[in-house]
Q: 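Mind looking over this structure? Questions follow.
We count ligands from 1, going down the list as the structure has it; atoms in each ligand are counted the same way.
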Amino acid sequence: MDKFIIKGGNPLKGTIPISGSKNAALPLMAASLLGDSTSIIKNVPRLKDIYTFNNVIRVVGAQVDFKDDENTLTIDPSNVNHLEAPYDLVRKMRASFYMLGALVGKHGYAKVSLPGGCAWGPRPVDLHLKGMEAMGIDISLEKGYVIAKAEDKIEGGSFKLEPSSVGATVNLLLASVLKAKKFIIKNAAKEPDVVQLCNFLVKMGANIDGIGTDALTIKAVNNLSGIEVSNDPDRIELGTFMIAGAMFPGSELTLTGCNPEQLGNFPDKLRKTGTSVDINGTTINVKAPDVLKPVSIKTEIYPGFPTDLQAQWATMMTQAEGASKVTDTVYFDRFSYVPELVRLGADMDVEKNTVSISGKTPLTGASVMSTDLRASVSLVLAALVAENTSEVLRIYHLDRGYESLEEKLTAVGANIKRVEED
Ligand code: EPU
């Protein structure tokens, strides 16, 4: 296991290229299994979750070739014959549950392990299953596995997601595009990852109406062909680096290869802190203010403030002059980073799904660790502004979701080293 040793207190200055999006790539990888021929996906990040999902789709018989030096993934689904995703792989990554929709959608049968818990509490998949049942897919549970069966063509119907869910929307799309005569997903997720998946499926030959809205109507087609596309840039990585550029007086970061339209209301929120955010095509320049103003946020579904950036925002707010609150309405328990930040000197208090922050507090280096991806990156952000040296342990979480994090930060002046944990 590796850890980061970070010596804080340097302003960050320079340019960081934004990588391809993990959460956008995973649905495309699953969708490639619906095709009759090979798909090529470019701009796929070199991340542990991508390698894990490659193994999941290899297990079912697909041929996968990831040229990671070129970030290009080739998936040939023509030999898929083992319609099962085992617990060993699904427990490593919840998105493996997309195999349920992809396999039953194409082959009429799937056996996929239930994903189990998650570091910040229960993350149910009930909507994935109820939506498939509403479509006419037969769902049963057996020894921790979900078994899905469907006739060649099923009637479909409609299903309302309450709450709106990215994963359930993805799974229902994958299950329906070849199977359901007509299926309507109500209150569907509108997140860019879902829009990219819909566009990918349509390019393969699917019939989907209402893309980008919360009502998706799918009418089955008989077959889908493999295609070549470039995956979207990672809007959460981008938001994380925008926060990194805003947190410390003197910092100025230029972020390239971005899709600013996918940031929703995030740039406006960041400007309210006094940060200068200048968007020019696919490049964003962020300049830290001398005095950061406190700004409260509440996470919401897209285009609201993303839950995947709330930990980073709360970390930044420890450096703002005054009081602020961060409320997560998507995941109520996603605050595992708070006690660690308190150990570094932050003044924060969690009540229900809100953390109250009093700033500005100086942070002082210490050993910290976390149990999930976004919490871990927040500890890195805190360590970058802390006095003295910090150790961020268990950084394998970061390797799941941030491509070349230490190289990118070192290039803009951070003092960060990866070493083996003792
Ligand atoms: N929900 C249910 N039942 C379900 C599914 C979801 O009640 O069957 C609830 C969840 O408990 C949550 C809400 O619906 O309260 C939204 O969850 P959603 O299904 O949208 O989340 P997800 O698809 O499991 C994806 C991302 C997460 C991101 C969320 C929200 C991937 C692989 N994961 O998860 O990303 O936080 O959407 O935007 O795309 C991350 O990257 O760090 C990460 C956790």
Q: Which residue from Ala24, Ser376, Pro306, Gly167 reaches closest to atom 23 (O) of ligand 1 through any of its heavy atoms?
A: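 Among Ala24, Ser376, Pro306, Gly167, the closest heavy atom to atom 23 (O) of ligand 1 comes from Gly167.
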Q: Would you mind telling me if ligand 1 is within reach of the side chain of Arg400, the backbone, both or neither, using heavy atoms under 4.0 Å?
A: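 Contact part for Arg400 vs ligand 1: neither.
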Q: Which is closest to atom 9 (C) of ligand 1 by heavy-atom distance: Pro163, Ala189, Pro115, Ser165?
A: Pro163
Q: Measuring from non-hydrogen atoms of Glu237 to any atom of ligand 1, is the shortest distance under 4.0 Å?
A: no
Q: Please verify whether a non-hydrogen atom of Val125 lies at under 4.0 Å from ligand 1.
A: yes
Q: Please verify whether a non-hydrogen atom of Gly401 lies at under 4.0 Å from ligand 1.
A: no
Q: Can you tell me how far apart CE (Met99) and NZ (Lys111) are? Round to the nearest 0.5 Å.
A: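 These two atoms lie 14.5 Å from each other.
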Q: Looking at Arg334 and Asp308, does any basic side-chain N land under 4.0 Å from a carboxylate oxygen?
A: yes
Q: Using distance alone, decide if ligand 1 has a nitrogen or oxygen within less than 3.5 Å of any nitrogen or oxygen in Asp308.
A: yes
Q: Are any of the side-chain nitrogens in Asp2 or Lys417 under 4.0 Å away from the carboxylate oxygens of its partner?
A: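 Looking at Asp2 and Lys417, the cut-off is not met.
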Q: Does the distance from a Lys or Arg side-chain N to an Asp or Glu carboxylate O, for Lys67 and Asp65, drop under 4.0 Å?
A: yes
Q: Using a strict 4.0 Å threshold on nitrogen-to-oxygen distance, state whether Asp49 and Arg400 make a salt bridge.
A: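 Yes, charged N to carboxylate O under 4.0 Å.
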Q: Hey, is ligand 1 close enough to Asn23 that some N/O pair sits below 3.5 Å?
A: yes
Q: Quick test of your reading of the model: are Glu228 and Lys203 salt-bridged, counting only N-O distances below 4.0 Å?
A: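 Looking at Lys203 together with Glu228, the answer is no, because their closest N to O distance does not fall below 4.0 Å.
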Q: Flag Thr307 as yes when one of its N or O atoms lies below 3.5 Å from any N or O atom of ligand 1, and as no otherwise.
A: no
Q: Side chain, backbone, both or neither: which part of Leu127 comes within less than 4.0 Å of ligand 1 when only heavy atoms are counted?
A: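 Both backbone and side chain of Leu127 come within 4.0 Å of ligand 1.
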Q: Does a side-chain N-to-carboxylate-O contact under 4.0 Å join Lys22 and Asp193?
A: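 Not counted as a salt bridge, because no side-chain N and carboxylate O are separated by less than 4.0 Å.
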Q: Mind checking whether Met93 has a heavy atom under 4.0 Å from ligand 1?
A: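 In this structure, Met93 fails to qualify as a contact of ligand 1 - no heavy atom is under 4.0 Å.
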Q: Taking only heavy atoms of Val166 into account, list the atoms of ligand 1 that are under 4.0 Å away from them.
A: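 Counting from 1, the qualifying ligand atoms are 18 (P), 19 (O), 20 (O), 23 (O), 37 (O).
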Q: Which donor-acceptor pairs under 3.5 Å do side chains of residues 255-265 form with protein atoms, sequence neighbours excluded?
A:
| residue | atom | partner | partner atom | Å |
| --- | --- | --- | --- | --- |
| Asn259 | OD1 | Glu261 | N | 3.2 |
| Gln262 | NE2 | Asp232 | OD2 | 2.9 |

